[in-house]
Student: 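Sharing a structure here in structure tokens format.
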Amino acid sequence: MSTVEDVEVVVAHNERATLRVGDVFLKIDADQTRTDVEVEAMAIAPIPTPEVLWRKPPVLALAALPGTALGRLGEPSIASPAAWAAAGAAVRMLHDAHLPPWPGRSLDEVASQLDGECEWLVANGVLPTDLVARNRRIAEAALRPWTPVLTHGDLQISHLFVDGDEITGVIDWSEAGQGDALYDLATLTLGHEEHLGDVIAGYGTDVDLDVIRGWWSWRSLVAARWLIEHGFDPSSPGAEFDVLRSRM
């Protein structure tokens, strides 16, 4: 690393930062419990994950994955239908693994978070009341008991890497834990619902599409304040606000 000239800031805000130095990613997190979860989740996940090179709190060094991200929110994915199906198959492997020893969010926590964020969006004039209300009703489909599985918890399209039609790995495991399988599938296809059929085909079992749509609305509503307060733009084309508008 001493011969590398360029340092790329991948993401940076007041909670964490990720830098790329050559083929090494340096993750700096103010909350080391998130790093604990990430390291343990990668150790037990039955799918490819980045190699842990070293850890010296608050820094975690990970090797770069081969390939490229399956896509980006707000941009068309150039990945093939076979690659999307392979993503679905990888997620199914994850969900079939043993449960982790730490819990995930409860149904009450999920419902309470939705209520609070909807109130904030309306009170601050961030989104029209009817748009929030419509998506709040759609999100209710996800608010039902689920059988917990090992979930990634933040399986954004940019966190899954492919080389051709093959999955090379999944990054960013700090939110992994026991959760709803359909939340992972919804997060992966957020803003890319045209690829949901390919993902489900690879996943290999029928899913409740109303629940998937519910999680799309839930995640878009709940994420908005955090994104705004950390310098991201949920109103950019194809991002969370467009996902919410597509439900109208």
Side-chain angles (χ1 to χ4, degrees), residues 37 41 45 73 84 87-122 127 129-157 159-160 170 173-227 234 239-248:
V37 167
L73 183 62
W84 280 90
V91 177
R92 180 60 183 270
M93 290 180 61
L94 177 67
H95 294 167
D96 285 343
H98 292 297
L99 284 174
W102 62 94
R105 293 173 300 195
S106 70
L107 177 56
D108 287 344
E109 290 172 330
V110 168
S112 177
Q113 190 175 9
L114 177 63
D115 289 341
E117 295 307 315
C118 287
E119 290 175 6
W120 182 88
L121 290 168
V122 172
L127 289 171
T129 300
D130 61 340
L131 180 63
V132 174
R134 168 64 175 164
N135 280 276
R136 173 67 179 81
R137 289 193 296 271
I138 294 171
E140 288 177 358
L143 305 182
R144 85 286 176 229
W146 57 75
T147 301
V149 299
L150 170 58
T151 58
H152 180 278
D154 189 25
L155 196 58
Q156 302 177 44
I157 184 177
H159 290 168
L160 195 149
V170 178
W173 291 82
S174 62
E175 296 184 36
Q178 299 183 27
D180 180 15
L182 298 192
Y183 179 71
D184 270 354
L185 294 177
T187 304
L188 178 62
T189 54
L190 182 74
H192 290 273
E193 57 186 280
E194 71 276 10
H195 295 292
L196 179 60
D198 296 322
V199 170
I200 293 174
Y203 194 72
T205 186
D206 291 335
V207 304
D208 189 328
L209 296 182
D210 285 338
V211 174
I212 294 286
R213 297 183 187 103
W215 281 127
W216 284 338
S217 289
W218 185 93
R219 183 176 174 98
S220 298
L221 290 167
V222 166
R225 176 169 25 176
W226 187 95
L227 291 168
E240 286 80 3
F241 286 179
D242 275 356
V243 172
L244 295 172
R245 294 186 186 101
S246 71
R247 302 299 103 188
M248 299 297 286

Student: On the 0 to 90° scale, with breaks at 30° and 60°, tag the His152-His159 ring pair as parallel, tilted or perpendicular.
Tutor: tilted
Student: Find out whether Asp115 and Arg136 are in side-chain contact, i.e. whether some heavy atom of one side chain is under 4.5 Å from a heavy atom of the other.
Tutor: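 Side chain of Asp115 against side chain of Arg136, heavy atoms only: contact under 4.5 Å found.
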Student: Could you go through Leu190 and Ser220, starting from their C-alpha distance and side-chain angles, then the distance that decides it, and tell me whether this counts as side chain to side chain contact (heavy atoms under 4.5 Å, CB included)?
Tutor: CA-CA 9 Å; Leu190 182 74; Ser220 298; 3.7 Å; yes
Student: When you measure from the side chain of Glu140 to the backbone of Gly214, do you find a donor-acceptor pair of N or O atoms at a distance under 3.5 Å?
Tutor: no
Student: For the residue pair Ala139 and Leu114, what are the closest heavy atoms and their distance?
Tutor: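 Minimum heavy-atom contact is CB-CD2, 3.8 Å.
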Student: Looking at every non-hydrogen atom in both residues, tell me the closest pair between Ala141 and Asp210 and how far apart they are.
Tutor: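 In terms of heavy atoms, the two residues are closest at CB-O, 3.5 Å.
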Student: Applying side chain to side chain contact (heavy atoms under 4.5 Å, CB included), run through Thr205 and Arg92 and close with a yes or a no.
Tutor: CA-CA 9 Å; Thr205 186; Arg92 180 60 183 270; 3.5 Å; yes
Student: Mind checking side-chain hydrogen bond (donor to acceptor under 3.5 Å, both in side chains) for Trp215 and listing every partner two or more places apart, or none if nothing turns up?
Tutor: Asp180
Student: How long is the span from the OH atom in Tyr203 to the CG atom in Leu196, to the nearest 0.5 Å?
Tutor: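 It comes to 12.0 Å.
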Student: Let's go through Ile200 and Leu209 carefully: what are the C-alpha distance in whole Å and the side-chain angles of both, what is the deciding distance for side chain to side chain contact (heavy atoms under 4.5 Å, CB included) to 0.1 Å, and is it a yes or a no?
Tutor: CA-CA 10 Å; Ile200 293 174; Leu209 296 182; 3.8 Å; yes
Student: Would you check if the side chain of Thr151 reaches a backbone N or O of Gly177 as a donor-acceptor pair within less than 3.5 Å?
Tutor: yes
Student: Might you point out which heavy atoms bring Val37 and Trp173 nearest each other, and give the distance in Å?
Tutor: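 Smallest interatomic distance, heavy atoms only, reads CG1-O, 3.7 Å.
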Student: Between Leu221 and Cys118, which heavy-atom pair has the shortest distance, and what is it?
Tutor: CD1-SG, 3.9 Å
Student: Would you say that more than 12 heavy atoms from the other residues, nucleotides or ligands in this model lie under 6.0 Å from the CG of Asp130, or not?
Tutor: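 Yes, CG of Asp130 has more than 12 neighbouring heavy atoms, counting only those of other groups under 6.0 Å.
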Student: Answer whether the closest heavy-atom distance between the side chains of Val132 and Glu117 falls below 4.5 Å.
Tutor: no
Student: Look at the rings of His195 and Trp84 and say which category their plane angle falls in: under 30° parallel, 30 to 60° tilted, over 60° perpendicular.
Tutor: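 Ring orientation of His195 relative to Trp84: parallel.
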Student: To the nearest 0.5 Å, how far apart are CD1 in Ile138 and CG in Leu244?
Tutor: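 Separation between the atoms: 9.0 Å.
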Student: If I take atom CZ from residue Arg213 and atom CG from residue Asp208, how far apart are they, to the nearest 0.5 angstrom?
Tutor: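 If we round to the nearest 0.5 Å, Arg213:CZ and Asp208:CG are 8.5 Å apart.
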Student: Run the side chain to side chain contact (heavy atoms under 4.5 Å, CB included) test on Arg245 and Arg247 for me, step by step, so that the C-alpha distance in whole Å, both residues' side-chain angles and the decisive distance to 0.1 Å come before the verdict.
Tutor: CA-CA 5 Å; Arg245 294 186 186 101; Arg247 302 299 103 188; over 6 Å; no
Student: How many angstroms lie between CG in Leu127 and CD in Glu240, if you round to the nearest 0.5 Å?
Tutor: 11.0 Å
Student: How many angstroms lie between CG in Leu73 and CD in Gln156, if you round to the nearest 0.5 Å?
Tutor: 7.5 Å
Student: Quick one: closest heavy-atom pair of Leu150 and Leu99, and the distance?
Tutor: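 Looking at all heavy atoms of both residues, the shortest contact is N-CD2, 3.7 Å.
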Student: Looking only at heavy atoms, what is the nearest atom pair of Pro145 and Leu107, with distance?
Tutor: N-CD2, 4.0 Å
Student: Using atom types as modelled and distance alone, determine if a side-chain donor or acceptor of Thr189 lies under 3.5 Å from a backbone N or O of Leu185.
Tutor: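 Present.
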Student: Measure the spacing between CG of Asn135 and CH2 of Trp218 and express it to the nearest 0.5 Å.
Tutor: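 Asn135 CG to Trp218 CH2: 13.5 Å, rounded to 0.5 Å.
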